[in-house]
Q: 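I have a structure here, written as structure tokens, and I will follow up with some questions on it.
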Amino acid sequence: MTKILVLHTGGTISMHEDEDGDVETGVVNPLTEAQVEIADVVLQVESIFNLPSEHIGPKHMLQLQQRILAAGNQFDGVVITHGTDTLEETAFFLDSTLKVDFPIVMTGAMRSSNELGSDGLYNYQSALRVATSEASRKRGVMVVMNDEIHAARFVTKTHTTNVATFASPISGAMGLLTKRQVIYFYDLPRRHVLPIQQVNQNIPVLKAYAGMDGQLFQLLADANVNGLIIEALGAGNLSREAAMGVSVVLEKGIPVVIVSRSFNGVAEPVYDYLGGGVQLERAGVIFASSINGPKARLKLLIGLDNQLSPDDLRHYLRSV
């Protein structure tokens, strides 16, 4: 018999619509009583917490990670139900800190349990199918929704309400589900997995905009944050004033990481002028490849917790 550990965390997939049409959290997660059966599969179901995903932070992600580590090899796979707003961050955190062969599959819903066309139970069953497939082993953490399988490192939420919200703009979906099969299209590059003990780092994320000045950077430098993520313009550029503000942060020894505010493509140093990526990198800024700001924040948090040297931290953040 295949054994799957199911961890419910809350989110829309566990909520209901009230008589006014507002979606709210109930006292009990209805998924804990859901009758989903797959032949020759035994489920151990736990409600580890029941929270909207906006209330989930790194401490909750660490709790999930430690629960999966404690499970060891007792299970053949893990399924996690989660709210969609921060699902990609939890998936990325687990993918970056868990070195296991069995599949870890995350899923959620865009419509609550009693809404017309609710997608929760279907996505839950799809996640269980992926978790029990032999082809899913050694693929890291995956996100399964709307009949698609996405890798945690590339997936992002692209629409506020559409059931087809999750996509992987850079890589495309890693696989899909048909009525009878779980199909994979490609294998991923080797993951850089690091252990983690604490998640107490203070790392804000700033989004660049036209006319951005240096005031925010001065405030952050004075606040002695542990790191800073900037979702920069284009391939990784800033205004002149913002670039000068970045220098103030770097002078305090605070690591600064650049990603692009564009949801597709890779941030890299291309332009050689004040505020351009070439000069920013020369000043000491780290370019993170192929991830967005929230994921870069988690990756920097993990790197700092492992006390990586400046060179190792740069290499870690630049790796795919």
Q: Whether the Q63 and Q65 side chains hold a donor-acceptor pair (N or O, under 3.5 Å, no angle test) is what I'd like checked.
A: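 No, Q65 and Q63 have no side-chain donor paired with an acceptor closer than 3.5 Å.
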Q: Which atom pair, heavy atoms only, marks the closest approach of R139 to L188?
A: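 Closest heavy-atom pair between R139 and L188: O-CD1, 3.9 Å.
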Q: Say whether, by atom type as modelled, one donor and one acceptor occur between the side chain of N123 and the main chain of M145 under 3.5 angstrom.
A: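 Absent.
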Q: Is the count of non-hydrogen atoms from other residues, nucleotides or ligands lying under 6.0 Å from D101 atom CG greater than 12?
A: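 Count over threshold, so yes.
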Q: Residues two or more places apart in sequence or in another chain: which of them pass side chain to side chain donor-acceptor pair (under 3.5 Å) with T12?
A: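 T12 satisfies side chain to side chain donor-acceptor pair (under 3.5 Å) with no other residue.
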Q: For S118 and S112, indicate whether the former's side chain and the latter's backbone hold a donor-acceptor pair under 3.5 Å.
A: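 Such a contact is found between S118 side chain and S112 backbone.
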Q: Which residue pairs pass the side-chain hydrogen bond (donor to acceptor under 3.5 Å, both in side chains) test when at least one of the two sits in residues 200-218, sequence neighbours left out?
A: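 Qualifying pairs, neighbours excluded: Q198-N200, Q201-N226, K207-E231, Q218-D222.
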Q: Would you please name every residue forming a side chain to side chain donor-acceptor pair (under 3.5 Å) with S309, sequence neighbours left out?
A: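 For S309, the residues satisfying side chain to side chain donor-acceptor pair (under 3.5 Å) (neighbours in sequence not counted) are D312.
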Q: Looking at D187 and K138, is there a salt bridge between them, counting it only when a charged N and a carboxylate O are closer than 4.0 Å?
A: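 Salt bridge: no.
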Q: Any chance the side chains of Q197 and N306 put a donor and an acceptor closer than 3.5 Å?
A: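 No, N306 and Q197 have no side-chain donor paired with an acceptor closer than 3.5 Å.
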Q: Give the cluster check for M106 versus V79: same hydrophobic cluster or not, with ILVMFWY residues linked at side-chain heavy-atom distances below 4.5 Å.
A: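 As far as the 4.5 Å side-chain criterion goes, V79 and M106 are not connected within one cluster.
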Q: Between V259 and I230, is there a side-chain heavy-atom distance shorter than 4.5 Å?
A: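 Counting from C-beta outward, I230 and V259 never come under 4.5 Å.
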Q: How about L43 and I38: do any of their side-chain heavy atoms sit closer than 4.5 Å?
A: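 Not touching, per the 4.5 Å side-chain cut-off.
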Q: Can you measure from CE (M61) to CG (L298) and round to the nearest 0.5 angstrom?
A: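 M61 atom CE to L298 atom CG measures 5.0 Å (nearest 0.5 Å).
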Q: Please determine whether side-chain contact (heavy atoms from CB on, under 4.5 Å) holds for the pair F217 and S247, giving the CA-CA distance in whole Å, both sets of side-chain angles, and the decisive distance to 0.1 Å.
A: CA-CA 9 Å; F217 298 99; S247 297; over 6 Å; no
Q: What I want to check is whether the side chains of H82 and S53 have a donor and an acceptor closer together than 3.5 Å.
A: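 Absent: no donor and acceptor within the cut-off.
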Q: Under the criterion side-chain contact (heavy atoms from CB on, under 4.5 Å), I'd like the reasoning laid out for I203 against I229: C-alpha separation, chi angles, the key distance, then a yes or no.
A: CA-CA 7 Å; I203 305 171; I229 309 298; 3.8 Å; yes
Q: In Å and rounded to the nearest 0.5 Å, what is the NE2 to OG distance from H192 to S319?
A: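 Spacing of NE2 (H192) from OG (S319) equals 4.0 Å.
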Q: Classify the side-chain pair K157/T165 by whether it contains a donor and acceptor separated by less than 3.5 Å.
A: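 There is no such pair between these side chains.
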Q: Let me see the working for E46 and Q44 under side-chain hydrogen bond (donor to acceptor under 3.5 Å, both in side chains), right down to the final yes or no.
A: CA-CA 7 Å; E46 301 176 11; Q44 178 170 314; 2.9 Å; yes
Q: Does the ring pair (Phe, Tyr, Trp, His ring centres under 6.0 Å) test come out yes or no for H8 and Y124, once each step is laid out?
A: CA-CA 10 Å; H8 294 310; Y124 179 35; 5.6 Å; yes
Q: Please evaluate residues V78 and V105 with respect to the criterion side-chain contact (heavy atoms from CB on, under 4.5 Å), reporting the C-alpha separation (whole Å), side-chain torsions for both, the decisive distance (0.1 Å), and the verdict.
A: CA-CA 6 Å; V78 176; V105 183; over 6 Å; no
